[in-house]
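Below: one structure, written as structure tokens.
Quick note on labels: first sequence line is chain A, next is B, and so on, each numbered from 1.
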Amino acid sequence: MGEIFKVGLMLMLVAVIAAVALGYVNSITSPIIAEQKEQAKLDAMIDVASSLAAGELQFDSLSVPNLANPYAEVDETLAVVSVTDSTGAELGFLFVAYGKGYSSTVQTMIAVNAAGIVTGNTILYQQETPGLGANVSNPEKFLYQFNGQNASSLLLSKDGGGLDSITGSTITSRAVTDSVRDGLDALSAAGLIPAEGGAQ
Amino acid sequence: MMNSFLMSVIVAVPDGGEPSFSIAKMMAIIVSAIFINNYVLSRFLGICPFLGVSKQLDSAVGMGAAVVFVMVLATLGSWLVYHHLLVPHGMEYLRTITFIIIIASLVQLVEMILQKFSPALYDALGIFLPLITTNCAILGVAVLNIDDKFSLGYSLINSVAAGIGFTLALVLMAGLRERMETANVPEALKGLPLAFLIAGAMSIAFLGFAGLGG
Amino acid sequence: MSLAQDFSRGIMKENPVFKQALGMCPFLAVTTSVENALGMGAAATFVLVFSNFLVSLFRKVIPAKVRIPSYIVIIATFVTLVDLLMNAYLPALHSSLGIFIPLIVVNCIILGRAEGFANKNKVLPSIVDGIGMGLGFTLAMVIMATFREILGNGSWLGFNLLGEAYQNQPLLIAILAPGAFILMAFILGFFNIMEKRKRGGAK
């Protein structure tokens, strides 16, 4: 009995030391991780919003119902952001679209102007197959086509639209395209952009 | 609703807001875990037993059964501990260490219980159990369930499907290897290299399932 | 056995991947690019060195009966450390290695060295052994990743080697799952031939 007690105590000691050490490291790294995530999001926002107008921009978060955001309950901060210039004149909106791709949920940040036309975009997160779907992160392969489109023209050529999908990665391409279109639809349903965007 | 719906439903619902259970989502999880993202052939989890225990069909089936069994128990244990012990106390960073302890003790426990109450089953699965602790498919499925934010019900379904996918790959592999035993292969490729070649061919076949989700 | 031998053993003679077929899961999964291979190699080496160090240091204190669970806790602690530090300071790499960082826990190389070497040897040789095995693992992954990244993406460590034209139509399968299995078959086959030559020459 004494043997079991000693052995158990030893194992418990190892576990306690491990947990304390990790708790200490976590207390150091967790603010850094949080700050980094915040910074990365902010950088992406500034980068994407610069397509709306040059100069100083102001961000203000709005909440829009029905924006396709499966993580809404987890991460409240990923709502729609309205972008205004320094005088307060409205330029457009930023939002994050979530599309379930081949092996991950692809997160795309989109800038759309007040007329409902996409002006800029960037991929925030993807874990798609390297060499195939992961090419979605390379703007020259796919996302460049999004700029200048509106809710009605954002459709892959395979689905009757005019956008070329990434070679061998229809699932990823379609996930991104459809999620962005759903986001635009939600914005127009909320009355923020015109329902049938002014396609030029 | 939309074209990507079938895939987008796989996206999980966070803890707390228990989702209405949808058959479509359940099917999507099952098809994905068994075929599209097969744990062995596409995600590269559980390669060691896949190569080590696939020389004979009988042992492949035994190993597969043991893996499914432990996978489900491990998922149950790790999901409950993560969402009801770690998250409420803000100790998510202890995830890896807790999960591996849960898995190691589960394996030990299952081994002892089987030995005592079902010697027949123990004889069949016993030799595979110690190997399972270091099978990364088990820890993999426990971690992926959390990363994908699956609810408990979907996590259990996912773990059963992942186990079936693992067994499928293992059994197919064993069947092919038994046949290749007598084949005339170049000296240099005998043994492990040949096993990798077979796995590669199977993996190509499984790539074909990618279209199922679209 | 000398320290130099402890060090070099893991790199060539007992290379964990090519000679012992250990650590296959991360080896096949993260070798889609040389950058990932280096990142995973560094993470695994860090864990290997520190777990070998602690296991060796406490080899006389830890009771034999709870040896394995204790090793697992020690390894898992360092894996979590790597996970947290990488997330804080190398977020891009952290996200591309993904689930394979927590899975370092079940990398058979690490538990194998704890049980097979550090458990029976003094602290210094154990550390050196950890470095050697870690480098051997990293080297193996870099070799594999070199093949896969050049064939599948026309680049090495992100540098474009084969030009735009190749990158538009690369040998994609090298980077996909089947390519990993098939390339590994040929690499192992190559080692078999070398082995045979060496044996033949010695006769």
**Report entry** Most chain A-contacting option - heavy-atom pairs closer than 4.5 Å, from C:Thr80, C:Asn36, C:Thr77, C:Ile74
**Finding:** C:Thr77
Over all atoms of both residues, closest heavy-atom pair of [X] and [Y]:
| X | Y | answer |
| --- | --- | --- |
| A:Ile33 | C:Leu84 | CD1-O, 3.9 Å |
| A:Leu11 | C:Ser70 | CD1-OG, 3.4 Å |
| A:Met10 | C:Val61 | CE-CG1, 3.6 Å |
| A:Ala18 | C:Val73 | CB-CG1, 3.9 Å |

Counting only heavy atoms not in [X] (residues, nucleotides, ligands), do more than 12 fall under 6.0 Å from its [atom1]?
| X | atom1 | result |
| --- | --- | --- |
| C:Phe147 | CZ | no |
| C:Phe50 | CZ | no |
| C:Glu14 | CD | yes |
| C:Lys65 | NZ | no |

Report task. May I have the step-by-step check of side-chain contact (heavy atoms from CB on, under 4.5 Å) for C:Asn87 and A:Thr29, ending in yes or no? Result -> CA-CA 8 Å; C:Asn87 198 352; A:Thr29 54; over 6 Å; no
Report task. Check each atom of C:Ser95 against the heavy atoms of chain A and say whether the ones under 4.5 Å are side chain, backbone, both or neither. Result -> both
Query raised in the report: At a heavy-atom separation under 4.5 Å, does C:Gln167 approach chain A through its side chain, its backbone, both, or neither?
Result: backbone
Query raised in the report: Any donor and acceptor pair, going by atom type alone, linking the side chain of A:Gln127 with main-chain N or O of C:Leu97 inside 3.5 Å?
Result: no
Requested in this report: To the nearest 0.5 angstrom, please state how far the CG atom of C:Leu176 sits from the CG atom of A:Leu132.
Outcome: 4.5 Å
Report summary line: OG1 (A:Thr129) and CG (C:Leu172) are apart, to the nearest 0.5 Å, by 10.0 Å
**Report entry** Within-4.5 Å side-chain heavy-atom neighbours: A:Ile32 and C:Tyr89
**Finding:** yes
